[in-house]
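A, B, ... follow the sequence lines: proteins, then strands. Residue 1 opens every chain. Just so you know, these numbers use all the heavy atoms, side chains as well, and skip hydrogens, waters and symmetry mates. Given the structure is predicted, the values throughout are model-derived calculations rather than measurements.
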Amino acid sequence: SQQGEEDPQALSIQEGENATMNCSYKTSINNLQWYRQNSGRGLVHLILIRSNEREKHSGRLRVTLDTSKKSSSLLITASRAADTASYFCATDARGSARQLTFGSGTQLTVLP
Amino acid sequence: GAVVSQHPSRVICKSGTSVKIECRSLDFQATTMFWYRQFPKQSLMLMATSNEGSKATYEQGVEKDKFLINHASLTLSTLTVTSAHPEDSSFYICSGPQGAYGYTFGSGTRLTVV
């Protein structure tokens with residue numbers, strides 16, 4: 001499965017600032033999901049946006065999707081030190097039998 | 001929510017030995033399970049898709065004889081790394097699709113081959 005690209009690869013910000021991560025993918029999708037992974041741990045699902053949606057909110061998270069550009073962004077507002085983790089986008093491509101293709105990930109560090 | 005229990009969380013084995021990793025779906029039936037591999041500071045790469053009662057589907061470049069997958073019941077899928085070598089050291093994660101759009105992930109297994 002081909003990976004999507006995420007940028008930046010690493011992001012370091014101060015607590016209270018906003019963090020924006022971008023994801024690009026290659027194929028037509030059913031939906032795009034964002035996951036969080038703490039070092040050496042499993043993945044935690046954050047938010048899912050369907051291909052016919054353009055924006056979605058969940059708490060401090062805001063996700064956008066532009067299917068014409070095959071890109072998505074994840075915005076974390078008012079970041080906290082506990083938000084420090086790796087963030088991955090993943091696409092559920094059409095015709096993929098539910099296989100997820102993950103982006104390359106962004107390592108977010110929130111400094112207290 | 002649905003839970004996938006993955007064991008062991010961490011294993012160290014000697015070169016040449018085999019290691020079995022189990023993923024159990026605790027409160028849902030998993031007809032399909034996905035197995036991923038993750039190298040340090042990298043993303044998850046799909047290795048194979050296991051299907052209950054039938055042969056697994058392997059991604060290109062993944063040796064089926066080395067990474068044996070068994071999905072004999074609706075609640076258990078196993079990945080066995082046979083004749084392990086140091087280059088097999090990695091983080092292995094299973095995932096079960098749930099509902100129309102969701103997925104639930106195991107907590108991962110850190111394999112170190114010495």
query = Between B:E52 and B:Q29, do the side chains contain an N or O donor and an N or O acceptor separated by less than 3.5 Å?
reply = no
request  = Answer with side chain, backbone, both or neither: which region of A:L48 has an atom nearer than 4.5 Å to a non-hydrogen atom of chain B?
outcome  = side chain
query = Is it the side chain or the backbone of A:Q107 that comes within 4.5 Å of chain B heavy atoms, both, or neither?
reply = neither
query = What's the spacing between A:T91 OG1 and A:Q33 CD if we round to 0.5 Å?
reply = 9.0 Å
note = Turns out that what part of B:Q6 lies under 4.5 Å from chain A's heavy atoms comes down to neither
query = Can you find a heavy atom in the side chain of A:D83 that is under 4.5 Å from one in the side chain of A:R36?
reply = yes
inquiry  = For the interface with chain B, which of A:S86, A:G40, A:G105 has the highest count of heavy-atom pairs at distances below 4.5 Å?
reply    = A:G40
inquiry  = Students often mix this up, so state it plainly: with edges at 30° and 60°, are the rings of B:Y36 and A:F102 parallel, tilted or perpendicular?
reply    = perpendicular
